[in-house]
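In what follows, a structure is listed as structure tokens, so that the remarks can point back to it.
No hydrogens, no waters, no symmetry mates; every other heavy atom, side chains included, goes into these values.
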Amino acid sequence: MSDTRPKSITGIDSHAHVFSRDLHLIGARRYTPEYDATLGQYLEHLQTHGLSHGVLVQPSFLGTDNSYLLAALKHAPQQLRGVVVLEPSVSRSTLNDMARLGVVGVRLNLIGKALPDFRDSAWQGFFSDIADLDWHVELHREVKELPGLIQQLTPFGVKLVIDHFGRPDANAGLDQPGFGELLEAGSKSPIWIKVSGIYRLGGTPQQNIDFARRALPLLEQSFGLHQLVWGSDWPHTQHEQSIGFATVVDQLQALELSAQASDSLLVQAPRRLFGF
């Protein structure tokens, strides 16, 4: 289906999920949805909040079956881009097919998992293809583990995108293990940070906001404003009872960004990263 919506960009949501409770879920999962998060619902949220485009990220509980996400990309190709979850043995032809649909990255959601050995030949071939396609690799792991992962992945020449502020603990302060090293890595390599999931930072709502306010200038200094993008993280899995789309928009506004910073996070930076 062709997309007839306007192409003008008023704001890009860099991180959201769509799924149905009727889909096949992997056995080894941390979460089981009891509701549907449909593309129609998501597009309505974007319109309500003055956003024009979005990036759909494969949820971990669907494993490597990206078919629901790919169907959404087909429905709104001008508005959406995709980030998939794949086995390193995936064929180049499959990657090429996904690229034609608007996939621009692959996610490594390593929360609660054993860390992969990226020295394995399968990973090396995989990252070579990812770099050749100019996709990015999205890393989701607690901040203390990120510097080591970044060090391992940097030689492959892929763009790296760090999820949800790097998943620091708001209660542990800015000098917690890994955060300083993450800032240092950002000053040396082309790494992007998603300013998203503030409610996942482990503190009270106010503690999370306070931490994000203190962390954001440091991230901007190390990574550059042009490497920071905002995401809603809709539908806020595991936090649905207390968080909604309006909540995360309010949290973004609570960061008190300048007009220039807001335009960069919502339009300029994600447009470059995701190829809108």
Side-chain angles (χ1 to χ4, degrees), residues 3 5-19 37-62 64 66-86 95 98-109 130 133-140 158-167 190-198 200 223 226-237 243 245 248-249 251-252 262-276:
D3 189 355
R5 290 176 180 267
K7 295 182 181 180
S8 60
I9 299 177
T10 59
I12 299 168
D13 175 9
S14 297
H15 194 105
H17 311 283
V18 292
F19 52 81
T38 67
L39 177 60
Q41 292 169 330
Y42 177 58
L43 295 179
E44 185 174 340
H45 282 305
L46 292 183
Q47 183 176 19
T48 297
H49 295 280
L51 302 168
S52 55
H53 295 69
V55 179
L56 300 179
V57 179
Q58 173 78 342
S60 61
F61 50 79
L62 292 181
T64 58
N66 299 280
S67 55
Y68 195 80
L69 184 153
L70 296 175
L73 297 185
K74 291 178 183 178
H75 185 80
Q78 299 297 328
Q79 274 189 286
L80 302 174
R81 295 292 183 269
V83 178
V84 294
V85 173
L86 299 168
L95 296 176
M98 290 182 171
R100 283 189 285 270
L101 292 176
V103 172
V104 293
V106 59
R107 191 186 202 200
L108 299 181
N109 188 343
I130 296 304
L133 287 165
D134 197 30
W135 287 9
H136 67 267
V137 174
E138 180 178 304
L139 282 175
H140 190 205
V158 293
K159 293 180 290 189
L160 297 179
V161 179
I162 307 300
D163 259 353
H164 304 331
F165 278 90
R167 291 302 298 265
I191 303 172
W192 303 68
I193 292 278
K194 286 191 175 182
V195 178
S196 59
I198 291 176
R200 296 190 187 276
F223 294 85
H226 62 291
Q227 305 282 107
L228 307 181
V229 297
W230 175 81
S232 69
D233 196 27
W234 184 84
H236 327 295
T237 54
I243 303 294
F245 208 103
V248 294
V249 170
Q251 289 177 338
L252 174 64
S262 181
D263 182 62
S264 185
L265 259 70
L266 291 172
V267 178
Q268 303 305 331
R271 181 167 62 183
R272 286 193 304 111
L273 176 60
F274 302 111
F276 284 106

Inset, instruction - Kindly check if the number of other-residue, nucleotide or ligand heavy atoms within 6.0 Å of CD (E44) is above 12? - result: no
Inset, instruction - Could you go through the side-chain contact (heavy atoms from CB on, under 4.5 Å) check for Q268 and H226 one step at a time? - result: CA-CA 7 Å; Q268 303 305 331; H226 62 291; over 6 Å; no
Legend entry - Check: D13/S232 side-chain N/O donor and acceptor closer than 3.5 Å: yes
Legend entry - Residue pair I198 / V248, side-chain heavy-atom distance below 4.5 Å: no
Inset, instruction - Answer yes or no: is there a donor N or O on one side and an acceptor on the other, between the side chain of K159 and the main chain of D134, under 3.5 Å? - result: yes
Inset, instruction - Measure from the side-chain N and O atoms of S196 to the backbone N and O of D233, and report whether any donor-acceptor pair falls under 3.5 Å. - result: no
Legend entry - Distance, nearest 0.5 Å, that separates OG1 of T48 from CG of L43: 10.5 Å
Inset, instruction - Would you check if the side chain of H164 reaches a backbone N or O of K194 as a donor-acceptor pair within less than 3.5 Å? - result: no
Inset, instruction - Would you indicate whether the side-chain heavy atoms of W135 and V158 approach each other to under 4.5 Å? - result: no
Inset, instruction - For the pair R107 and D163, find out whether any cationic side-chain nitrogen is under 4.0 Å from an anionic carboxylate oxygen. - result: yes
Inset, instruction - Assess whether side-chain contact (heavy atoms from CB on, under 4.5 Å) is satisfied between L133 and M98, documenting all intermediate values. - result: CA-CA 11 Å; L133 287 165; M98 290 182 171; over 6 Å; no
Inset, instruction - Check for a donor-acceptor pair, side chain of Q79 on one end and backbone N or O of S52 on the other, with a separation under 3.5 Å. - result: yes
Inset, instruction - Check whether any side-chain heavy atom of V55 sits under 4.5 Å from a side-chain heavy atom of L273, and report yes or no. - result: no
Legend entry - Among L86, V103, V84, side chain to side chain contact (heavy atoms under 4.5 Å, CB included) partner for L95: L86
Legend entry - Spacing of L80 atom CG and L56 atom CG [to the nearest 0.5 Å]: 5.0 Å
Inset, instruction - Hey, could you give me the NZ/CZ distance between K74 and R100, rounded to the nearest 0.5 Å? - result: 11.5 Å
Inset, instruction - Please name all residues satisfying side-chain hydrogen bond (donor to acceptor under 3.5 Å, both in side chains) with T237, sequence neighbours left out, ordered by chain then number. - result: R200
Legend entry - Non-neighbouring partners of W234 that pass side-chain hydrogen bond (donor to acceptor under 3.5 Å, both in side chains), sequence neighbours left out: H45
Inset, instruction - Could you walk me through whether N109 and V85 pass the side-chain contact (heavy atoms from CB on, under 4.5 Å) test, one step at a time? - result: CA-CA 8 Å; N109 188 343; V85 173; 5.8 Å; no
Legend entry - For F19, the option from Y42, F61, Y68 that meets ring-ring contact (aromatic ring centres under 6.0 Å, His included): F61
Inset, instruction - Could you tell me whether the side chain of F276 reaches within less than 4.5 Å of the side chain of P270, counting heavy atoms only? - result: no
Inset, instruction - Evaluate side-chain contact (heavy atoms from CB on, under 4.5 Å) for R272 paired with W192, printing each intermediate quantity in order. - result: CA-CA 11 Å; R272 286 193 304 111; W192 303 68; 3.5 Å; yes
Inset, instruction - Determine whether V137 and L108 make a side-chain contact, defined as any pair of heavy atoms from C-beta on separated by less than 4.5 Å. - result: yes
Inset, instruction - First locate atom CD1 of I9, then atom CG of L51, and finally report the distance between them rounded to the nearest 0.5 Å. - result: 11.5 Å
Inset, instruction - Tell me, please, which residues at least two apart from S264 pass side-chain hydrogen bond (donor to acceptor under 3.5 Å, both in side chains). - result: none
Inset, instruction - Enter the distance from I193:CD1 to L265:CG here, rounded to the nearest 0.5 Å. - result: 11.5 Å
Legend entry - Flag side-chain contact, heavy atom, 4.5 Å: V83 against Q58: no
